[in-house]
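Heavy atoms only: backbone and side chains are in, while hydrogens, waters and symmetry mates are out.
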Amino acid sequence: MLLHFILLLALVFQADSYFSEEKYPEESKMQLPTVVIAIIARNTAHSLPYYLGALERLNYPKDRISVWAATDHNSDNTTAILKEWLTVMQKYYHYVEWRPMDQPTSYAGELGPKHWPNSRYEYVMKLKQAVLNFARKRWADYILYADTDNILTNPDTLNLLIAENKSVIAPMLDSQGAYSNYWCGITPQGYYRRTAEYFPTRHRHRLGCFPVPMVHSTLLLDLRKEGMKKLAFFPPHADYSWPYDDIIVFAFSCRAAGSSALACDYVFCNGKPLKDGENKTIDGPPMQPSHFVHTIPKQRDLMGYDEIYLINLRRRPDRRERMLFSLNELEIDVKVVDAVDGNALNSSDIKILGVDLLPGYYDPFSGRTLTKGEVGCFLSHFFIWKEMVDMQMDKALVFEDDVRFQANFKRRVLRLMEEAEKVELDWDIIYLGRKQVNPGKEEAVENVHNLVVADYSYWTLSYAISLQGAQKLLNAEPLSKMLPVDEFLPIMYDKHPNEDYKSHFPNRNLQAFSTHPLLVQPCHYAGDAQWVSDTETSTLWDDDSVRTDWRGSHKTLKGAAPSPDMLSAAYKDEL
């Protein structure tokens with residue numbers, strides 16, 4: 001009997017130690033939900049390195065992520081870049097599905113890469129449906145759709161969206177215009193409808209998550225929700241009669257499935273800044289390219305000009321690097337011109353060059369005469385005009401090295417020049433960036449969008465110049481009667497208010513125009529912490545003992561705020 005009792009106790013103690021969870025009752029940590037990231041890319045070589053870099057930096061375990069990637073109809077290096085990245089990264093992700101299609105390079109009925117015939121809409125809908133089927137087949141918890149020109153700079157994007165526990169949710173994307181990735185209203189026909197809520201939401205005056213009838217471009221679907229079983233991209237719902245567009249088809253599907261789409265405003269993302277290669281200078285964390293993409297994606301061009309010049313002082317390498325980076329992103333090829341360093345000129349150099357001061361010239365604000373920095377600036381532009389005439393260039397584009405580009409810069413310049421050529425506009429110079437001395441209405445040019453006849457202006461940030469214009473400027477023999485280049489140009493198109501100055505230049509027939517609104521702005525203004533001027537902070541042209549600085553001139557200060565009509569015009573870019 002005693003032996004039986006001892007054996008029974010031994011079995012009980014053995015059983016107690018056999019099941020580890022009974023000995024250690026604490027539960028192990030739950031794994032994070034599984035996510036499928038959909039990458040659907042076409043002709044986005046300019047943005048892919050940044051897009052992929054942002055995916056790499058998401059604070060989410062890669063072994064809980066599957067990547068479904070497809071690319072098709074490309075005329076650039078998109079396929080090579082994506083393949084290079086997936087080859088390196090596939091070992092980190094749970095699973096990678098790769099669906100490239102090299103041919104054809106365009107859709108049936110397509111007029112260009114930005115044209116969307118129905119065949120293109122249908123193909124995109126089928127791709128989005130294919131990745132949705134893939135995610136459901138693999139029992140994924142979530143699927144993240146993110147267009148390849150949407151850069152998710154916040155590494156916590158996925159965690160923040162998942163934490164909201166919504167069926168369909170999107171981070172509100174920032175852009176340089178009024179555009180974002182949601183609609184606040186839809187007409188009964190399925191088109192965009194303006195609402196009072198859009199701009200307060202877009203500008204983050206409303207904080208939180210808000211139900212909206214449409215989200216697109218970047219969004220997260222919770223496939224665990226019951227209603228998500230009915231969600232589909234293709235074929236469209238049986239009752240669908242709205243426009244044949246993938247984002248509108250999806251919005252209708254959400255409505256039919258009873259899912260409420262929400263836009264959240266707390267996730268800082270750079271939305272579509274690289275669609276046309278624009279500057280990455282908006283608020284939020286900076287974008288960084290992937291460390292695993294080395295394919296050179298750029299196909300640079302001169303935008304129809306014979307030459308594009310970038311004027312830069314050798315002792316300002318930081319400016320040169322920043323401008324070359326921005327122009328590279330714009331896919332614009334430039335010739336860097338070493339600016340004439342006025343501060344390095346001595347009196348003998350100036351005399352040899354034939355430089356003499358315009359009689360009676362004084363700075364309109366400080367009362368000083370010309371600075372050596374202004375001499376160097378004038379000579380830098382002068383030598384470009386001379387090269388144009390010597391080489392018989394039809395037209396050129398000039399940039400100084402302290403500018404930033406407005407949204408869609410390249411596309412807007414190309415359209416402007418195309419329209420000017422179409423109407424056979426007689427132009428010599430077109431300002432792309434300047435400071436209006438007397439802000440106000442300027443005469444608009446008929447049949448050319450966003451172009452006005454230039455009035456008295458300061459600055460030479462950027463301008464297009466024709467061979468005829470360069471010849472007119474050289475014929476004026478300005479070196480022997482020099483004043484700042486931004487004062488010389490208004491004299492030559494007869495808009496300068498000083499009659500004494502103008503009397504030294506009898507042939508004032510330069511045909512001068514300006515973009516409106518302007519397409520480039522200064523990076524910094526006088527008084528800003530990072531502002532530097534080699535023209536204002538210098539010495540007098542004929543006296544090294546007299547130093548000058550910006551506080552003596554109002555010319556370099558920021559101009560008046562944009563007029564209300566300019567602001568409303570900017571809002572027209574909402575979609």
Side-chain angles (χ1 to χ4, degrees), residues 38-52 67-86 97-134 145-151 179 181 216-218 233-236 240 242-250 271-278 293 295-304 328-333 407-419 421-422 575:
I39 302 176
I40 300 175
R42 186 201 180 193
N43 288 334
T44 52
H46 57 283
S47 63
L48 262 178
Y50 299 94
Y51 171 85
L52 298 172
V67 175
W68 191 97
T71 182
D72 59 273
H73 298 84
N74 294 299
S75 58
D76 66 4
N77 291 1
T78 293
T79 301
I81 293 171
L82 196 49
K83 181 179 180 180
E84 179 183 16
W85 185 79
L86 289 171
E97 180 90 0
W98 172 226
R99 297 192 178 190
M101 186 177 77
D102 292 329
Q103 294 294 331
T105 59
S106 61
Y107 290 92
E110 186 180 64
L111 302 178
K114 294 185 179 181
H115 180 226
W116 281 76
N118 281 351
S119 58
R120 181 173 180 180
Y121 280 118
E122 182 169 312
Y123 195 82
V124 169
M125 284 188 276
K126 287 180 177 179
L127 287 177
K128 291 183 176 180
Q129 184 63 42
V131 67
L132 183 58
N133 295 340
F134 167 84
Y145 290 93
D147 285 1
T148 49
D149 54 7
N150 293 186
I151 317 300
Y179 187 87
N181 61 319
H216 60 86
S217 299
T218 294
F233 287 92
F234 190 86
Y240 187 78
W242 288 359
Y244 203 67
D245 182 313
D246 59 301
I247 65 174
I248 304 177
V249 167
F250 174 72
K272 300 185 179 295
L274 289 178
K275 196 154 194 173
D276 290 282
E278 308 302 341
V293 172
T295 302
I296 303 299
K298 304 303 173 191
Q299 296 178 346
R300 299 179 178 88
D301 66 68
L302 294 173
M303 299 169 60
N328 186 54
E329 291 303 314
L330 285 163
E331 301 180 14
I332 295 175
D333 195 14
N408 302 315
F409 169 83
K410 185 175 181 180
R411 176 173 60 81
R412 292 160 76 176
V413 172
L414 290 171
R415 186 183 71 172
L416 173 74
M417 300 308 295
E418 181 181 344
E419 291 183 2
E421 184 176 347
K422 186 176 181 180
L575 289 178

Ala407 backbone acceptor or donor facing Arg412 side chain under 3.5 Å
yes
Test salt bridge (Lys or Arg N to Asp or Glu O under 4.0 Å) applied to Arg120 - qualifying residues, sequence neighbours left out
Glu110
Over 60° means perpendicular and under 30° means parallel, so classify the ring planes of Tyr107 and His73, tilted if in between.
parallel
Side-chain donor/acceptor of Thr148 to backbone N/O of Leu48, under 3.5 Å:
no
When you measure from the side chain of Tyr145 to the backbone N and O of Lys128, does any donor-acceptor pair fall under 3.5 Å?
yes
Residues at least two apart in sequence or cross-chain that pass side-chain hydrogen bond (donor to acceptor under 3.5 Å, both in side chains) with Glu418, listed by chain then number, are none
What are the two closest heavy atoms between Ala108 and Pro117, and how far apart are they?
O-CG, 3.8 Å
Indicate the ring-plane relationship of Tyr121 and Trp116, choosing parallel, tilted or perpendicular according to the 30° and 60° boundaries.
tilted
Pro100 and Thr79 have their tightest heavy-atom pair at CB-CG2, 4.3 Å
What heavy-atom pair brings Thr218 and Ala146 nearest, and what distance separates the two atoms?
OG1-CA, 3.7 Å
Within the side chain of Lys410, is there an N or O that forms a donor-acceptor pair under 3.5 Å with the backbone of Glu331?
yes
Quick check against the 3.5 Å criterion: does Thr78 have a side-chain atom that pairs as donor or acceptor with the backbone of Thr44?
yes
Has Gln129 got a side-chain atom pairing as donor or acceptor with Phe233's backbone, closer than 3.5 angstrom?
yes
The test is side chain to side chain contact (heavy atoms under 4.5 Å, CB included); show your working for Leu82 and Leu52 and say whether it passes.
CA-CA 8 Å; Leu82 196 49; Leu52 298 172; 4.0 Å; yes
Which residues satisfy the side-chain hydrogen bond (donor to acceptor under 3.5 Å, both in side chains) test with Glu421, sequence neighbours excluded?
none
